[in-house]
Amino acid sequence: AYQGGDAHGGAELALSAYLNGFEPLEPVLASRDNALMQRVELAMGGLREAISQGRSAAEVRRHAASVGSLMDEAEAVLAPRRASNVSSFIGAFTVLLREGLEALLLVIAMIAFLRKADRREVIRYVHGGWIAALVAGFATWWAATSLIEISGASRELTEGFGALLAAVVLVSVGIWMHGKAQADEWQRYIKAKLTHALSRRSAWFLAALAFVVVYREVFETILFFTAMSGRGSNAGVVAGGAAGMILLSGIAWAMLRYSRTLPIATFFGWSSALIAVLAVVLAGKGVAALQEAGALDIKLLSAVPRIEWLGLFPTAQVVAAQLLVLAVLGLGFWYNRRARNAPR
């Protein structure tokens, strides 16, 4: 299509090749050969980049040939004879741990904060948010497999915008919590504003934040598990998922238990740092998802490593988004320290 002068059609076909042809197989391939999965993703991104930048047909053809060669390798790795209980277990375990940890950390941080504030009546809103996200995630998966077909682009757009929305909220929350990371600041805040700050409107806001963060992780995890169960050992998938749930439950219990003993200033200091990291991670993942959906262009950076658990992907747009979030957080933390040291 590109060689025939239809650059737009070539770009659409390259995007469809990734979203509908390769992405559904990513979790299975990652569980068996994660390095190969990343090479395929990078090569397909390079193909789309070459088309979008209007490079010569010969160069685009070289990119396509590279993708085809990697697809041959992937086909061999995905052969049924390569399936095993061990690879299925590792794939399910790592997917659940990777996708669930971000949502878990945020929900636990909110619950711990409400306990520190002695506002336990608001905790039920947070629980309602993440429980509703679980129900909605399974309902969306059932609808997508039984009633309607959800395209790969729609999935990526949902994940991308959800991640960016959560990142924006977490930036403001992280700066706010950093500003209260002193015992006297916290006591002053309780006396002056806490009753109004945790009104019914704020409680529903916390529920919505828990829903948004958990929903994107639940839906993606279900899709991964569906793909793995169709091409691997179901026993291994179930065992890996169960092990992941046990580990996540242990992390949640330890965080809640440990947070009770922390002094309020230490709690706010650690919480603001955790939320800041999550904001940077979600900003990177959100931009990457929008790139995978074709909503943003791709500019590859060969010098940047891919560190998925940090939300870092080798594209200029992802790096720019994470640097922007870091800059905003840095300015916010600097302002908090300046205001804290100013004479009252």
Side-chain angles (χ1 to χ4, degrees), residues 14-50 63-102 151-153 155-156 159-160 163 216-217 219-233 236-237 240-241 244 281 284-294 296 298 300-315 317-319:
L15 177 61
S16 177
Y18 172 74
L19 290 174
N20 303 315
F22 177 71
E23 191 190 36
L25 304 176
E26 277 189 350
V28 185
L29 183 58
S31 67
R32 300 184 189 179
D33 192 337
N34 189 58
L36 177 59
M37 186 275 292
Q38 294 185 15
R39 287 163 56 204
V40 174
E41 269 200 344
L42 190 63
M44 298 191 83
L47 173 62
R48 290 171 53 198
E49 180 187 30
H63 280 282
S66 175
V67 171
S69 176
L70 289 170
M71 288 296 181
D72 290 339
E73 293 184 45
E75 187 175 12
V77 172
L78 292 171
R81 66 179 183 275
R82 296 288 296 272
S84 68
N85 285 330
V86 174
S87 64
S88 299
F89 176 90
I90 294 174
F93 177 79
T94 54
V95 164
L96 186 60
L97 188 63
R98 183 188 68 203
E99 301 300 330
L101 192 57
E102 295 170 9
S151 67
R155 293 197 303 267
E156 295 295 344
E159 294 175 11
R216 66 175 297 275
E217 307 295 352
F219 185 48
E220 186 172 3
T221 301
I222 292 174
L223 292 175
F224 282 172
F225 270 63
T226 302
M228 285 187 290
S229 63
R231 285 180 168 264
S233 165
V237 172
V281 171
K285 288 189 173 183
V287 171
L290 294 182
Q291 287 180 311
E292 291 178 354
L296 293 177
I298 295 177
L300 294 176
L301 298 175
S302 58
V304 175
R306 175 191 172 113
I307 309 177
E308 194 166 346
W309 62 277
L310 287 179
L312 180 61
F313 297 85
T315 70
Q317 293 84 352
V318 167
V319 173

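Just so it is clear, the model here is predicted, and its values are computed rather than measured.
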Work out which heavy atom in [X] is nearest to a heavy atom in [Y]; give both atom names and the distance.
X	Y	answer
Arg32	Ala79	NH1-O, 3.2 Å
Ala163	Gly286	CB-CA, 3.6 Å
Ala288	Phe313	CB-CD1, 3.6 Å
Ala92	Val237	CB-O, 3.4 Å
His63	Ala50	CD2-CB, 3.7 Å

query: For the atom pair CG (Leu78) and CG (Leu29), what is the distance rounded to the nearest 0.5 Å?
result: 5.0 Å

query: Which distance, rounded to the nearest 0.5 Å, do you find between the CD1 of Ile298 and the CD of Glu49?
result: 7.5 Å

Pairs of donor and acceptor atoms involving the side chains of residues 66-74, under 3.5 Å and at least two apart or interchain, shall be tabulated with distances.
residue: Glu73; atom: OE2; partner: Arg39; partner atom: NH2; Å: 3.4

Tabulate below the donor-acceptor pairs under 3.5 Å that side-chain atoms of residues 301-310 make, not counting sequence neighbours, or state none.
residue: Arg306; atom: NH1; partner: Glu41; partner atom: OE1; Å: 2.2
residue: Arg306; atom: NH2; partner: Glu41; partner atom: OE1; Å: 2.9
residue: Arg306; atom: NH2; partner: Glu308; partner atom: OE1; Å: 3.1

field: Val40 side chain reached by Leu42 side chain, heavy atoms, under 4.5 Å
entry: no

query: Taking C-beta and beyond as the side chain, do Met37 and Phe22 meet within less than 4.5 Å on heavy atoms?
result: yes

message: Holding to side chain to side chain contact (heavy atoms under 4.5 Å, CB included), I want the full list of residues that pass it with Leu296, two or more places apart in sequence or in another chain.
response: Val287, Leu290, Gln291

